[in-house]
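Chain naming here is simple, since letters A, B, ... match the order of the sequence lines and numbering starts at 1 in each. Quick caveat: nothing in here was measured; it's all calculated off a predicted structure. The figures that follow rest on heavy atoms only: side chains count, while hydrogens, waters and symmetry mates do not.
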Amino acid sequence: MIFDNKLIQQRIEKAKLLKEYGFNPYANNSQRNTTVEKYINVNGDIFEKENKRDANRHYIVSGRIKFLRIMGKASFAKIEDESGMLQVYIARDNLPEGFYNNIFKKNIEVGDIIEVGGYPFVTGKGELSLHVDDLKLLTKAIAPLPEKFHGITDKEVRYRKRYLDLIMNSEVRRTFAIRSRVISLTRRFFEEKGFLEVETPMMHPIAGGANAKPFVTHHNALGVDRYLRIAPELYLKRLIVGGFEAVFEINRNFRNEGMDATHNPEFTSIEFYWAYKTYKDLIEITKEYFHYLFNHLDLPTLLPYGDMEVNFGNFREIPLIKSLSEIGGVPEDIVCDKGKILEYLRSNNLEANEAMNLGQLQGELFDAFVEAKLIDPTFITEYPVEISPLARRSDDNPAITERFELFIAGREIANAFSELNDPVDQLERFEAQMDAKACGDDEAHEMDSDFVEALSYGMAPTAGQGIGIDRLVMLLTNEHSIRDVLLFPAMKPLPQQCDNSNEENA
RNA sequence: GUCUCGUUAGCUCAGCUGGUAGAGCACGUCACUUUUAAUGAUGUGGCCGAAGGUUCGAAUCCUUCACGGGACACCA
């Protein structure tokens, strides 16, 4: 039984006793008329008052008891609501006869949610507090809170029981408040730019738009399997075909792959598509977007990330090949020679795969020597066509594509390109993917003939971009695990949980 | 997937080369009307992640498994 713990039994007993005394341990008649934050702001003048108090004011605040110091006939408690923590002073003689000794001291404890009324005053130690003349229990917590000083530090417990993490680590709330604002600001930014927010299916008959393994589910009514989407890309482009010229979608993608500090099976991205534009326009709007975020989030331009400092006032742009020598320190004369690259990789004790083509090897050099050095925001452009299967070829140089990836703090944060809109080329690329799939590549794209047909009606030249919201939030909040920016990250089930769910389902 | 570290009271952690399971906080009882992780006294509290094995004897040594953290490889 889940409540068989002795401490929980004690607290259940206290709730029973309160009921017997006529106090509802789950009262629903809150009279709260201010928050802790407002209380502290409004009563800042109490420090200047005579006796440092004003008994003519009266406020009712509510919150969870985080600290309780009982000293005989008087007590101090710290109660916390969403806005902050407030000290309240509870003395026997200010409460109804017997309440303090029999009800408060015996049956109310840390973790309970209470409501107190009283006037503002400043204690001898100089802390603005509330002088309580009315106290009631709103919610009895029957489970004891973790230790008040160390709180809850076990990452596993923090992720599995996020509510406990939020109770004990109030700074965690700040991370998720920032996340919420990033999503809200992102939406507003693109709306203000004239983009239309759309919702495309989460359940796809064909999982397309990325190289990834999908989750499969089953639609009973139609008797068919459906794939949770791995990317919204192909649907958003259909909308461009249909005549929308600027669309975006902020939503979840699902990939049935491994989990680690930067991968959760469901993750949030924004993808946006912009007709009559190229990737160069995307570079400009991306800079504007970051500027907008930083302004509205009040973040400093020099943002710490781990032991790095990222200068968001220093956006750079460099072609991939050029970055190999200029940033990666790879000798200029080898970056376009397959044999010399292989030799160079070997001499640096890196894997040198003879089967790779020039573009793939340049990608290897980039990963090994450049990526980690891209601290300030850097647009890497002119990707080799061999490692950019979805991007439009450059008209000037058929070996490279009209594409960029944005790197910040040594990590990829956005991927963008001028979209392929030649339906015959697209069909051929799908067919090549089909061959790869037949050869055992289970992440190869599926043929989506409806999408090819859509392109055959003509898609205006379009630029499209995806930004991983989770990783962006990690960057902005200086968090180093995706689990710290997801309220409920995916976790393996515990054996006991399986048993419970079976019982519930039975 | 590989390597590595961890899992002991509600929480945070000790527990050495194997010999009856420890502390602080929390909780119970008592004292205390301006405290700040309040204080002082006293008491309760354990399937040592799970299963096997070695041993007279295992929290401790060995094997397997489960779940986490970190690193590396692949993907956003």
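Between rU63(B) and rA58(B), the distance separating the two C1' atoms is 15 Å to the nearest Å. With both ends at atom C1', the span from rG10(B) to rC27(B) equals 9 Å, rounded to whole Å. Between rA37(B) and rC25(B), the two P atoms lie 13 Å apart (nearest whole Å). Rounded to a whole angstrom, the distance from the P atom of rG49(B) to that of rC16(B) is 14 Å. When the P atom is used for both rU20(B) and rC5(B), the distance is 28 Å, rounded to whole Å. One C1' atom belongs to rU42(B), the other to rU54(B), and the distance between them is 44 Å to the nearest Å. The separation of rG19(B) from rU60(B), taken at their C1' atoms, amounts to 11 Å, rounded to a whole angstrom. Taking the C1' atom of each, rA9(B) and rG28(B) are spaced 15 Å apart, rounded to whole Å.
Contacts of Ala91(A) classified as side-chain contact (heavy atoms from CB on, under 4.5 Å), with partners at least two apart in sequence or in another chain: Ala74(A), Tyr89(A), Asn94(A). Taking Leu486(A) as the reference, Arg179(A), Asn264(A), Asp470(A), Ile482(A), Pro489(A) meet the side-chain contact (heavy atoms from CB on, under 4.5 Å) condition, with sequence neighbours excluded. Legend: residues meeting salt bridge (Lys or Arg N to Asp or Glu O under 4.0 Å) with Arg229(A), ordered by chain and number and at least two apart, are Glu249(A). With sequence neighbours excluded, no residue satisfies ring-ring contact (aromatic ring centres under 6.0 Å, His included) with Tyr273(A). Partners of Glu156(A) according to the side-chain hydrogen bond (donor to acceptor under 3.5 Å, both in side chains) rule, which considers only residues two or more places apart in sequence or in another chain, are Arg160(A). Residues meeting the salt bridge (Lys or Arg N to Asp or Glu O under 4.0 Å) test with Lys287(A), sequence neighbours left out: Glu284(A). Remark: Ile387(A) engages Gln360(A), Tyr383(A), Pro384(A) in a side-chain contact (heavy atoms from CB on, under 4.5 Å) (not counting sequence neighbours). Listed by chain and number, the residues in a ring-ring contact (aromatic ring centres under 6.0 Å, His included) with Phe417(A) amount to none (sequence neighbours excluded). In this structure, the side-chain contact (heavy atoms from CB on, under 4.5 Å) partners of Glu115(A), at least two apart in sequence or on a different chain, are Ser30(A), Gln31(A), Arg32(A), Ile60(A), Ser62(A), Lys136(A), Leu138(A).
Residues of residues 56-83 of chain A having a heavy atom closer than 4.0 Å to RNA chain B, listed by number: Phe67(A), Arg69(A), Ile70(A), Met71(A), Gly72(A), Lys73(A), Ala74(A), Phe76(A), Lys78(A).
Note on Gly466(A): nothing from the nucleic acid sits closer than 4.0 angstrom, heavy atoms only. Asn264(A) comes within 4.0 angstrom of a nucleotide base, judged by non-hydrogen atoms across all strands. Among the protein residues, Asn94(A) comes within range of no part of the nucleic acid, since none of its heavy atoms lies under 4.0 Å from any strand.
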Pairs under 3.5 angstrom, nitrogen or oxygen only, protein versus nucleotides 43-52 of chain B, please.
{"unit_1": "rU44(B)", "atom_1": "O2'", "unit_2": "Lys6(A)", "atom_2": "NZ", "d": "2.6"}

Check nucleotides 1-7 of chain B against the protein and report each pair of N or O atoms closer than 3.5 Å, with its distance, or say if there are none.
none

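Per the geometry, CZ belonging to Phe149(A) stands 16 Å off P belonging to rG24(B), to the nearest Å. Taking atom CD of residue Glu13(A) and atom C1' of nucleotide rC27(B), one finds them 14 Å apart after rounding to whole Å. When the C1' atom of rA9(B) is taken as reference, atom CG of Asp154(A) falls 15 Å away, rounded to whole Å. Across the protein-nucleic acid pair, Ile90(A) atom CD1 and rU35(B) atom P stand 16 Å apart, rounded to whole Å. Taking atom NE2 of His131(A) as the reference point, atom P of rU35(B) lies 14 Å away to the nearest angstrom. If you take CD1 of Ile387(A) and P of rC74(B), they are 13 Å apart, rounded to a whole angstrom. Between Leu17(A) atom CG and rG28(B) atom C1' the separation is 14 Å, expressed in whole Å.
Distances shown here put every side-chain N or O of Lys125(A) at or beyond 4.0 Å from the OP1 or OP2 atom of rA38(B). Between Thr153(A) and rU12(B) there is a side-chain polar atom (N or O) within less than 4.0 angstrom of OP1 or OP2. An OP1 or OP2 oxygen of rG70(B) is reached within less than 4.0 angstrom by a side-chain nitrogen or oxygen of Arg483(A). Remark: Arg11(A) is not in phosphate contact with rC27(B), judged by side-chain N or O atoms under 4.0 Å from OP1 or OP2. When the side-chain nitrogen and oxygen atoms of Lys148(A) are compared with OP1 and OP2 of rA38(B), one or more of them lie within a distance under 4.0 Å.
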Which is it for Arg187(A) and Phe248(A) under the side-chain contact (heavy atoms from CB on, under 4.5 Å) test, yes or no, and what are the steps along the way? CA-CA 9 Å; Arg187(A) 180 168 280 124; Phe248(A) 74 96; 4.1 Å; yes
Check the pair Leu374(A), Phe366(A) against side-chain contact (heavy atoms from CB on, under 4.5 Å), reporting the backbone distance first and the verdict last. CA-CA 11 Å; Leu374(A) 303 177; Phe366(A) 178 82; 3.7 Å; yes
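In this structure, rG46(B) makes no Watson-Crick or G-U wobble pair, since no nucleotide meets both defining distances under 3.5 angstrom. rC61(B) is paired with rG53(B) under the criterion used here, namely a Watson-Crick or G-U wobble arrangement in which both key atom distances are under 3.5 Å. When both pairing distances are held under 3.5 Å, rC16(B) makes no Watson-Crick or G-U pair with any nucleotide shown. Across all strands shown, rC30(B) forms a Watson-Crick or G-U wobble pair with rG40(B), both key distances being under 3.5 Å. Shown here, rG1(B) forms a base pair with rC72(B); the pair counts as Watson-Crick or G-U wobble because both key distances fall under 3.5 Å. Pairing of rG24(B), defined by two Watson-Crick or G-U wobble distances under 3.5 Å, is identified with rC11(B).
The side chain of Asn5(A) approaches rG10(B) more closely than any other nucleotide in the set rG10(B), rG70(B), rC74(B). Which of rG28(B), rC11(B), rG68(B) sits closest to the side chain of Lys492(A) comes down to rG68(B). Residue Glu127(A) places its side chain closer to rU35(B) than to any other of rG69(B), rU35(B), rU12(B). Distance from the side chain of Tyr159(A) is smallest for rG69(B) among the nucleotides rC27(B), rG69(B), rA26(B).
At a cut-off of 3.5 angstrom, the base of rU35(B) holds at least one donor-acceptor pair with the side chain of Gln87(A).
If you take CG on Leu86(A) and CD on Glu80(A), they are separated by 11.0 Å, rounding to the nearest 0.5 Å. Rounding to the nearest 0.5 Å places NZ of Lys155(A) at 10.0 Å from CG of Asp165(A).
Using a 3.5 Å distance cut-off with no hydrogens or angles, the side chains of Ser83(A) and Glu37(A) do not pair a donor with an acceptor. There is no side-chain donor-acceptor pair under 3.5 Å between Asp376(A) and Thr378(A).
Taking the nucleotide of RNA chain B with the nearest heavy atom to each of Glu109(A) and Pro146(A), the more 5' of the two is matched to Pro146(A).
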